[in-house]
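When a ligand or atom number is given, it counts from 1 through the structure's own listing order. In what follows, every heavy atom counts, from backbone to side chain, and hydrogens, waters and symmetry copies are set aside.
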Amino acid sequence: MADKDLFMTKGSDLLVAALENEGVDRIFGVPGEENLDVVESLRNSPIQLVLTRHEQGAAFMAATYGRLTGKPGVCITTLGPGALNLTTGAAYALLGAMPMVMITGQKGIMSSRQAKFQIVDVVSAFKPLTKLSLQIVSTATIPTLVRDAFRIAMEERPGPVLLELPEDIAGEEAEPIAVIPQHPIEIPVAHRASLDRAAEMILAAKRPLIMLGAAASRPRSTAGIGGFVRRTQIPFFTTQMGKGTVPGGSKLYMGTTALSERDYVHEAIDHADLIIAIGHDTIEKPPFIMGPKGPQVIHVSYTPANVEQVYFPQCEVVGDVGPSLELLADRVEGRLHHAGALLKLREGILSRVSDRATEERWPPTPQRIVHDVRQVIPENGIVALDNGMYKIWFARNYRTYVANTLLLDNALATMGAGLPSAMMAAMLYPNRRVMAICGDGGFMMNSQEMETAVRLKLNLVVLILEDSAYGMIRWKQAVDSFPDFGLSFGNPDFVRYAESYGAKGSRIESADGIIPTLEKAFKGGGVHLVVVPIDYSENSRVLIHELREKLKAVAEPVS
Ligand SMILES: Cc1ncc(C[n+]2csc(CCOP(=O)(O)OP(=O)(O)O)c2C)c(N)n1
Ligand SMILES: [Mg+2]
């Protein structure tokens, strides 16, 4: 044990030593005066303090750190107003199952020299938004509470934890207490009986399909899943958050469920008699609607399935996903005579989904933008989306080849996370191309973090899709036959806005300018904002009229 672990001086030193012990390398946040002891302890630590321009940005970055690494991202804020600015980030991590530890300050608890000034019951406010929310009341408990916070944040199902450190505890002289060493934890593998039952159902299926859901994208999951698909040769589709776990270039990829029903991919789902749902989390907008007549479902995940009106699996394989799937593949490999039954639908589904991807129209269609973005992003490049209409198009049309290379939020589905999550990806993977894609509405919700991105010297392209509106809601308004009202706005000149932060800015002026402008932005390095107008008339043409027509056509039965 290092000397430093034995000779602590104050509570904040114990906290920072405990964070170092957890392997924390960065803390994101906006400190207040109640955090100054912690800031001082950080000054003497290898942990980097990454200032953001709003606590929400810090929380989105920390949550994305957790999402991409499997280890909790850490953020820090002051009491009351600063802590409350973490609420959306906490919900983002809770719904999205991203490990995160939030450390918030508080006034001293041993005396009260400022009465109730700035005091909010933060611990209670965060109870419904976290897996654990508590106040540290003595220096002696800091090492254990930090260790437990990290364990809870990380274990399945991962999520956020809040620790409130009052300033007098942070500044109090402390006994030298050793940190608690980490120990490896293995997740148990599924029970033999459940594997046998699932194998029987798979062997009996005439038209099986695999579905990859959100938990399939956990960093620890990805290895075993590809092997299962390869060994069974059962075609698969993905939910929005399950994209990429098995390469979308695979001959078995059938599509992604951007809608809950009636999209082309649902032709395969509607014809399936069995769906092996790997890592599905019902926090996602339903990828399909289970009913009394539809396919049977086997739920394979770390945790049991929630029973929902739209999801009530008949069989569960609960345990560490990769190793459990290996045991399941052992039971069925080479014995599946109908594995590829639904593959005959594949070409029809994928070709109709990629329709109009190279159209010259100006402003460009969402399909064209998805197509052109894919051309400039290598297989391991990362695209992080904010929330808006384009998310449906990217989920549906953007092919992924590596897990976690299309970071989208189909859980809280909050606006404002696109830029910070892309910044986190750019920090973690400086040698990969990273692009944030935001609507003009969502970008402006956290655009102040452009300063953080420039200060951190990130290489990042930020693509803004400009329709001068909260386009998705405007579209829903039209679909529901409401008159066009109240959802349009004006924008700053985005190029000059970027330049005012010390970033670069470009405006795309023609459809054949999309690829060269994005290429140039990546090649130039640094933070580069690119703005492009978007023609959203395709929303109704495809997602309403075309799919409605499709429904009218009598589906060919598949044997
Ligand atoms: C924080 C937050 N506020 C409101 C919403 C509801 N909402 C979903 S999409 C959307 C409009 C998004 O507009 P924009 O970012 O410009 O994208 P567009 O749909 O226009 O491409 C709104 C208001 C939300 N999801 N999150
Ligand atoms: Mg918009």
Side-chain angles (χ1 to χ4, degrees), residues 54-60 63-64 84-96 129 240-241 258-260 283-285 363-370 373 383-398 406-422 435-450 462-480 482 484-494 497 507-508 514 529-544:
H54 191 291
E55 291 85 352
Q56 199 179 85
F60 287 145
T64 304
L84 291 174
N85 275 347
L86 292 178
T87 50
T88 306
Y92 175 76
L94 184 71
L95 272 62
L129 299 174
Q240 296 191 37
M241 292 176 82
L259 309 175
S260 296
I283 217 76
E284 282 204 78
K285 189 163 147 203
T365 60
Q367 297 96 309
R368 173 74 195 251
I369 291 174
V370 173
V373 165
V383 168
L385 302 184
D386 204 88
N387 265 279
M389 193 63 216
Y390 52 89
K391 186 179 82 176
I392 293 183
W393 290 103
F394 270 86
R396 196 172 180 262
N397 294 35
Y398 187 85
L406 181 65
L407 297 180
L408 55 73
D409 164 21
N410 188 31
L412 184 65
T414 179
M415 294 164 73
L419 176 61
S421 60
M435 184 188 283
I437 301 185
C438 308
D440 42 8
F443 172 71
M444 291 302 286
M445 286 198 180
N446 272 318
S447 63
Q448 76 286 346
E449 301 306 340
M450 288 287 284
V462 182
L463 179 64
I464 306 216
L465 310 177
E466 187 170 32
D467 67 340
S468 301
Y470 291 123
M472 178 149 191
I473 312 303
R474 193 179 183 204
W475 173 66
K476 284 264 165 75
Q477 186 181 48
V479 170
D480 292 348
F482 289 113
D484 184 14
F485 171 74
L487 291 162
S488 300
F489 47 67
N491 279 318
D493 176 335
F494 282 116
Y497 185 69
R507 176 172 289 278
I508 296 174
I514 303 174
L529 183 153
V530 177
V531 58
V532 65
I534 186 163
D535 176 359
Y536 270 146
S537 62
E538 284 291 284
N539 296 340
S540 289
R541 192 194 65 76
V542 177
L543 301 178
I544 302 291

Give me the residue, atom name and distance of the protein heavy atom closest to atom 14 (P) of ligand 1. G441 N, 3.6 Å

Checking N85, N446, T414 against Q56 for side-chain hydrogen bond (donor to acceptor under 3.5 Å, both in side chains), the one that qualifies is N446

Say whether G416 and ligand 1 are in contact under the criterion: heavy-atom distance to a ligand atom below 4.0 Å. no

Could you establish whether T414 and ligand 1 come within less than 4.0 Å of each other, counting only heavy atoms on the residue side? yes

Nearest 0.5 angstrom please: M241 CE to E284 CD, how far? 5.5 Å

Which residues satisfy the side chain to side chain contact (heavy atoms under 4.5 Å, CB included) test with L95, sequence neighbours excluded? I283, A411, L412

Can an N or O of D467 be found at a distance shorter than 3.5 Å from an N or O of ligand 1? yes

dist N539:CG -> K476:NZ (nearest 0.5 Å) comes out at 10.0 Å

Heavy atom of the protein closest to atom 5 (C) of ligand 1 (residue, atom name, distance): M415 SD, 3.6 Å

Heavy-atom nearest neighbour in the protein, as seen from atom 8 (C) of ligand 1, with distance rounded to 0.1 Å: I473 CD1, 3.8 Å

Under 3.5 Å: N/O of L465 near N/O of ligand 1: no

Could an N or O of ligand 1 be found under 3.5 Å from any N or O of F489, whether backbone or side chain? no

Close N or O approach (M472, ligand 1; < 3.5 Å): yes

Do R368 and W393 have side chains that approach each other closer than 4.5 Å (heavy atoms only, starting at C-beta)? no

Take a 6.0 Å sphere around CZ of F482 and say whether it holds more than 12 heavy atoms from other residues, nucleotides or ligands. no

The complete set of side chain to side chain donor-acceptor pair (under 3.5 Å) pairs with one or both residues in residues 436-445, sequence neighbours excluded, reads D440-N491

pair R541-T365: side-chain heavy atoms closer than 4.5 Å: no

Ligand 1 contact on Y536 by region, counting heavy-atom pairs under 4.0 Å: side chain

CG of L385 to OH of Y398, rounded to nearest 0.5 Å, is 9.0 Å

Hey, what do you get for CG (D467) to OH (Y536), rounding to the nearest 0.5 Å? 5.5 Å

Hey, can you tell me if F394 and Y390 have their rings parallel, tilted or perpendicular (30° and 60° cut-offs)? perpendicular

Give the total of protein N/O/S atoms at a distance below 2.8 Å from the Mg ion (ligand 2). 3

Just to be sure I read this right, does ligand 1 sit under 4.0 Å from the backbone of C438, its side chain, both, or neither, counting only heavy atoms? neither

Look only at interatomic distance and state if A413 has a nitrogen or oxygen under 3.5 Å from any nitrogen or oxygen of ligand 1. yes

Just to confirm my output: which protein heavy-atom neighbour is closest to atom 18 (P) of ligand 1, and how far is it? G471 N, 3.6 Å

Per-atom contacts of ligand 1 with M389, taking only distances under 4.0 Å to non-hydrogen atoms: 18 (P), 19 (O), 21 (O)

Quick check against the 3.5 Å criterion: does D386 have a side-chain atom that pairs as donor or acceptor with the backbone of G418? yes

Hey, which atoms in ligand 1 end up nearer than 4.0 Å to a heavy atom of Y390? 17 (O), 21 (O)

Mind checking side chain to side chain contact (heavy atoms under 4.5 Å, CB included) for A384 and listing every partner two or more places apart, or none if nothing turns up? L407, S421, A422

For a quick test of reading the model, state the closest non-hydrogen atom pair linking K391 to D409 and the distance between them. NZ-O, 2.9 Å

Take every heavy atom of N387, measure it against each atom of ligand 1, and state whether any distance is under 4.0 Å. yes

Closest approach of any protein heavy atom to atom 15 (O) of ligand 1, naming residue and atom: G442 N, 2.7 Å

